[in-house]
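Taking it in order: structure first as structure tokens, then the write-up.
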Amino acid sequence: MLRLIVNRTGKGCLFGALMCAATMSLASGNESWKLYKSNEWLEIHYKKLPNGLTQIKGQARLENTSTKSVINELTDTESIPAWMNNVQSVTLLAQPEPHQSLVHTKLNLPWPVADREMLTLSCFSQLGEQQYILKIRSVETKSGTMSHLQITDIDINWVFLEVSTGLNITYIAQAKLNGAVPNWVANIASLKNTKSMLDSLKIRLTESPRLLTGWTLPPGDCDGF
């Protein structure tokens with residue numbers, strides 16, 4: 001499938017760079033949400049799942065912004081490596097539907113974690129009058145088709161709720177890092193990267209406000225995705 005990669009960047013749906021923030025490693029058991037960090041606009045929690053993965057939840061309250069503005073930043077594949085840590089490149093491969101994107105992402109992860117790659121398919125839809133969801137899932141490839149280890153079992157949901165003061169975001173993510181990285185190393189790095197990603201997104205929206213009249217990725221039907 002990687003032979004489909006084209007030498008271009010542009011408006012494709014969020015790649016998995018956000019997986020930089022969600023590459024939680026294997027853990028055992030199941031538990032309730034535990035608080036990692038919180039401040040006046042952001043809370044980050046994590047918990048262990050029955051399938052052995054650790055899930056991250058970030059809840060952000062952003063003023064004077066909209067779902068369109070966030071989707072614009074998350075689909076601007078050319079600009080993402082400039083503001084999101086550990087992202088080497090993001091390549092839009094295809095758009096099966098106007099509201100879907102197939103994306104290949106290369107990550108330069110800090111020592112001792114080796115670089116990783118991801119192939120993800122995303123789908124954007126509207127849940128209600130002021131509520132939207134962006135779903136991101138991993139796409140499996142044959143062994144050896146990627147030059148680096150592939151992150152698998154990716155399951156990310158961005159839920160956007162527009163309110164009178166701006167935008168409430170709930171980000172929930174899990175993935176399997178693969179390789180021989182110790183669990184505690186992967187988990188700490190993932191939590192730090194989640195906070196860094198959301199901090200950078202807030203700064204990006206504040207420093208580069210845009211009045212958008214249209215969608216860079218229009219909402220569509222994601223039933224069964």
Side-chain angles (χ1 to χ4, degrees), residues 13-25 27 30-49 51 53-76 80 83-87 90 103 105 107 109-110 113 116 118 120 122-125 127 130-138 151 153-163 165-177 183-207 217:
C13 188
L14 172 87
F15 56 104
L18 311 177
M19 284 314 309
C20 201
T23 51
M24 295 297 277
S25 188
N30 188 27
E31 59 184 33
S32 59
W33 290 107
K34 293 183 178 179
L35 180 65
Y36 169 65
K37 295 283 186 181
S38 68
N39 55 37
E40 66 278 3
W41 68 275
L42 175 65
E43 292 184 3
I44 297 175
H45 294 79
Y46 66 97
K47 70 176 180 179
K48 298 175 183 177
L49 299 176
N51 63 4
L53 298 179
T54 299
Q55 190 175 59
I56 298 178
K57 177 172 67 175
Q59 295 172 292
R61 296 172 293 278
L62 304 181
E63 297 182 353
N64 303 316
T65 193
S66 66
T67 305
K68 285 182 181 178
S69 296
V70 176
I71 291 297
N72 179 73
E73 296 298 336
L74 298 181
T75 58
D76 188 352
I80 286 171
W83 63 271
M84 193 170 293
N85 290 340
N86 307 125
V87 178
V90 183
V103 174
T105 304
L107 302 176
L109 300 180
V113 184
R116 296 292 197 277
M118 296 178 296
T120 55
S122 56
C123 189
F124 181 56
S125 64
L127 298 176
Q130 303 295 331
Q131 191 173 27
Y132 302 85
I133 186 169
L134 175 65
K135 300 179 180 180
I136 304 169
R137 305 292 184 262
S138 54
I151 297 174
D153 300 277
I154 298 167
D155 190 323
I156 302 177
N157 289 328
W158 289 80
V159 179
F160 308 98
L161 177 62
E162 298 185 342
V163 296
T165 56
L167 186 66
N168 292 342
I169 299 175
T170 300
Y171 167 83
I172 299 180
Q174 66 188 65
K176 187 175 182 181
L177 187 60
N183 293 344
W184 66 272
V185 172
N187 293 345
I188 291 175
S190 297
L191 287 165
K192 289 182 177 179
N193 285 336
T194 298
K195 185 177 186 304
S196 176
M197 176 191 66
L198 293 172
D199 283 340
S200 296
L201 178 61
K202 183 175 185 289
I203 293 171
R204 181 83 174 179
L205 293 167
T206 302
E207 293 182 344
L217 186 73

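With sequence neighbours left out, the side-chain contact (heavy atoms from CB on, under 4.5 Å) criterion links Ile203 to Glu207. In terms of the ring-ring contact (aromatic ring centres under 6.0 Å, His included) criterion, residue partners of Tyr132 (sequence neighbours excluded) are, by chain and number, Phe124, Trp215. The side-chain contact (heavy atoms from CB on, under 4.5 Å) test applied to Arg61 returns Asn168, not counting sequence neighbours.
Separating the CG atom in Asp76 from the CG atom in Leu217 is a distance of 12.5 Å, to the nearest 0.5 Å. Taking CG of Leu201 as the reference point, atom CD1 of Ile80 lies at 10.0 Å (rounded to 0.5 Å). Taking NZ of Lys37 as the start and NZ of Lys195 as the end, the distance is 7.0 Å to the nearest 0.5 Å. Atom CD1 of Ile169 and atom CG of Leu161 lie 10.5 Å apart (nearest 0.5 Å). Within the model, atoms CE of Met118 and OG of Ser138 stand 10.0 Å from one another, a figure rounded to the nearest 0.5 Å. Distance check, rounded to the nearest 0.5 Å: CG of Leu198 to CG of Asn193 gives 11.0 Å.
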Residues Ile151, Leu177; criterion side-chain contact (heavy atoms from CB on, under 4.5 Å); working and verdict: CA-CA 5 Å; Ile151 297 174; Leu177 187 60; 4.3 Å; yes
Working note: Trp158 + Leu74, criterion side-chain contact (heavy atoms from CB on, under 4.5 Å); need CA distance, chi angles, decisive distance, verdict. CA-CA 11 Å; Trp158 289 80; Leu74 298 181; 4.1 Å; yes
Given side-chain contact (heavy atoms from CB on, under 4.5 Å), test Gln174 with Asp153 step by step and report yes or no. CA-CA 7 Å; Gln174 66 188 65; Asp153 300 277; over 6 Å; no
side-chain contact (heavy atoms from CB on, under 4.5 Å) for Ile71 and Phe160? Distances and angles first, verdict last. CA-CA 10 Å; Ile71 291 297; Phe160 308 98; 4.0 Å; yes
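Closest of all the heavy-atom pairs between Ile44 and Leu35 is O-CD1, 3.6 Å. Taking every heavy atom of both residues into account, Trp83 and Glu73 meet most closely at CZ2-O, 4.0 Å. Scanning both residues, Ser32 and Lys47, for their nearest heavy atoms gives O-CB, 3.5 Å.
When side chains are defined from C-beta on, Asn157 does not count as touching Leu134, because their heavy atoms never get closer than 4.5 Å. When side chains are defined from C-beta on, Tyr171 counts as touching Thr194, because their heavy atoms get closer than 4.5 Å. Residues Glu162 and Ser66 have side chains in contact (heavy-atom distance under 4.5 Å, counting atoms from C-beta outward). Using a 4.5 Å cut-off on side-chain heavy atoms (C-beta onward), Asp199 and Trp41 make contact. For the pair Val87/Leu107, a side-chain contact is recorded, criterion being any heavy-atom separation below 4.5 Å from C-beta on.
Looking at Arg137, its side chain does come within 3.5 Å of a backbone N or O of Ile156 through a donor-acceptor pair. Remark: side-chain polar atoms of Gln55 are not paired, donor with acceptor, to backbone N or O of Leu49 under 3.5 angstrom. Judged by distance alone, with hydrogens and angles left aside, the side-chain atoms of Thr206 form a donor-acceptor pair with the main-chain N or O of Lys202 at under 3.5 Å.
By the neighbour-count criterion of 12 heavy atoms within 6.0 Å, atom CD of Gln130 is densely surrounded, having more than that number from other residues, nucleotides or ligands. Atom NZ of Lys57 is surrounded by more than 12 heavy atoms from other residues, nucleotides or ligands within 6.0 Å.
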